[in-house]
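Below, all heavy atoms of this structure are taken into account, side chains as well, without hydrogens, waters or symmetry copies.
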2 protein chains.
Amino acid sequence: MTDSPSWPSRVLIVGAGAIGAFYGAALQRQGAEVSIVCRSDYEAVRAAGYRIKSDPLGELLFRPVQTLQSAADYQGGPPDFLIVTVKVVDGVDRVALIRDAVGPATTIVLIENGIDIEPEIAEAFPQNEIVSAIAYIQVSRTGPGLVRHYAFGELTLGRYPSGLSARCRELGAMMEAGGVTIHLSEEVGTARWKKALWNAVLNPISALGGVFDTAQMFAAPAGEAMIRRAMQEVCAIAAASGHPLPPTLMDQFIDKTRNGPAYKTSMALDYENRRPMEVEAILGNAVRAGQRLGLAIPVLETLYGLLRMAEAKNRTTAKA
Amino acid sequence: MTDSPSWPSRVLIVGAGAIGAFYGAALQRQGAEVSIVCRSDYEAVRAAGYRIKSDPLGELLFRPVQTLQSAADYQGGPPDFLIVTVKVVDGVDRVALIRDAVGPATTIVLIENGIDIEPEIAEAFPQNEIVSAIAYIQVSRTGPGLVRHYAFGELTLGRYPSGLSARCRELGAMMEAGGVTIHLSEEVGTARWKKALWNAVLNPISALGGVFDTAQMFAAPAGEAMIRRAMQEVCAIAAASGHPLPPTLMDQFIDKTRNGPAYKTSMALDYENRRPMEVEAILGNAVRAGQRLGLAIPVLETLYGLLRMAEAKNRTTAKA
């Protein structure tokens, strides 16, 4: 892609954890004017920006133009792109978090996990274009303002609910210029189901199995059989939802995960640290889609039932 | 029952945790000569016996005639009854634990959880009568030599693999004289499946759900639906194994559990304290039976797969 905007795009990232910091750094490197809203790390980031230690890319520094505690504090008029990277969990009102910075021409970009996570935003901002983006990346926060990037980083994006647009291409071009591999997708819904094939299965199993990393999951007796069975159920829901997945995708994911570096999933880490897990976005919405379609999905339903128990337990024993 | 032996029976209990202490106390109260083999609490029990604080029965004291560290130390010739109350877990060789005290006329009594837990003992001691017993009891060890008895205590027993015998009746009469409600069963295999209907479902779910107690399990969203579904799978396996369960049993168990006092299952407590869980006896053997019979048991298989992961994880992070 060679298109590029004629002036520096103004980008506001809301919920700048590890994901937001990584893509914010890429956009700033390309020349965008990137600001962030962050909560827990506000003081550290305001003082020194983000320090991203990347295994593939070396050490990156990212100093946002504006470091804010609230979208209402954003100065200079509404951003061209408002990128949402907050976790989709119960009790976090994403609409309220972004409302004060959304202008009539702002494109809202969701770089978040899960299935059916767009309607809430689309309904609240019916005039705004929504770009839905799926990140394939291993990245985590290691301390205030400190981010570790282990591998990958590619981004699939498209207009919600489907199609592409000038803003999609513009964002894609900016990300590519910043070093991020981009896949533009006319069917971003299908792209979400592709990621769900991995996410809706490996995340819950890793948490429920006792906070296992990916290598341990495949080493466990019957681990792979259970993973395959759950993945087949996800494929069935995706196909019945109008998003048939390539028949080889399951084997690709399994081979890539088994042969890749061992790591803990985001849900396993959240569970271990008693943080809210993305139960509904990652698994619950998929289960409900399967139930609406009348499919037999006993493995996913069992994982979901257990996960809701674990989540409830987590909330009663949350770390301070 | 009014039969009673003409001289005090000699009873050796191997693995005298909370279960062994409770039933040992009952037998001694009746006049049997009860000795025990225990490991972790040896010093405390040798010094002061067991102190059993029972909600329904008050405080009981139980001083075994012989308190031993090994069955080989048992004096006075082989016992009439050797009662095994050790947990059925990987790495515990029950045959080795009892071999040195089993004489030709010794009846081996298994008061243990699970399905298909008798063959290993029956094969090692083909000349000995095996009595299989299932305890419905809420009891736990609260400290060295200290036992807390919350509720219930009834015992279902019969000859393995089926039928009744003089020794079954004798043991039953002794237990009844000691205050224990006894059900003699000609089909102890069916009795085991009855208990498995509860055990194979509530134990795994309580552990995997984040160490939930029974009340929390039923309060969790979709908790009861998951419990019912898993129980239906157990019913199917039991029926196909020649042990059809009464159709009302599931509702009885669910009502009794939901309306009874909240408590943590043995497996949840083991998981929480990083002790080995009875994964195979309680769930694995049932799953294998269902798989041999070609039944669709996806919920139980999912629970089993997760439980094996959790067990493996437990072993790598065992408490000292």
At a cut-off of 3.5 Å, what donor and acceptor atoms pair up between chain A and chain B?
unit_1: A:G209; atom_1: O; unit_2: B:A310; atom_2: N; d: 3.2
unit_1: A:V211; atom_1: O; unit_2: B:K313; atom_2: NZ; d: 3.4
unit_1: A:R229; atom_1: NH1; unit_2: B:E301; atom_2: OE1; d: 2.3
unit_1: A:R229; atom_1: NH2; unit_2: B:E301; atom_2: OE1; d: 3.0
unit_1: A:E301; atom_1: OE1; unit_2: B:R229; atom_2: NH1; d: 2.3
unit_1: A:E301; atom_1: OE1; unit_2: B:R229; atom_2: NH2; d: 3.0
unit_1: A:A310; atom_1: N; unit_2: B:G209; atom_2: O; d: 3.2
unit_1: A:K313; atom_1: NZ; unit_2: B:V211; atom_2: O; d: 3.3

- Message: When you compare the side chain of A:V299 with that of B:V299, does any pair of heavy atoms fall below 4.5 Å?
- Response: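 Side-chain contact under 4.5 Å: no.
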- Message: Please rank B:A310, B:A220, B:G223, B:A312 by heavy-atom pairs under 4.5 Å with chain A and give me the top one.
- Response: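 Among B:A310, B:A220, B:G223, B:A312, the one with the most close pairs to chain A is B:A310.
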- What heavy-atom pair brings B:M309 and A:M217 nearest, and what distance separates the two atoms?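 Between these two residues, the closest heavy atoms are CE-O, 3.6 Å.
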- Item | Residues forming a side chain to side chain contact (heavy atoms under 4.5 Å, CB included) with A:A296, sequence neighbours excluded |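 Partners of A:A296 by the side chain to side chain contact (heavy atoms under 4.5 Å, CB included) criterion, ordered by chain and then number, come out as A:P298.
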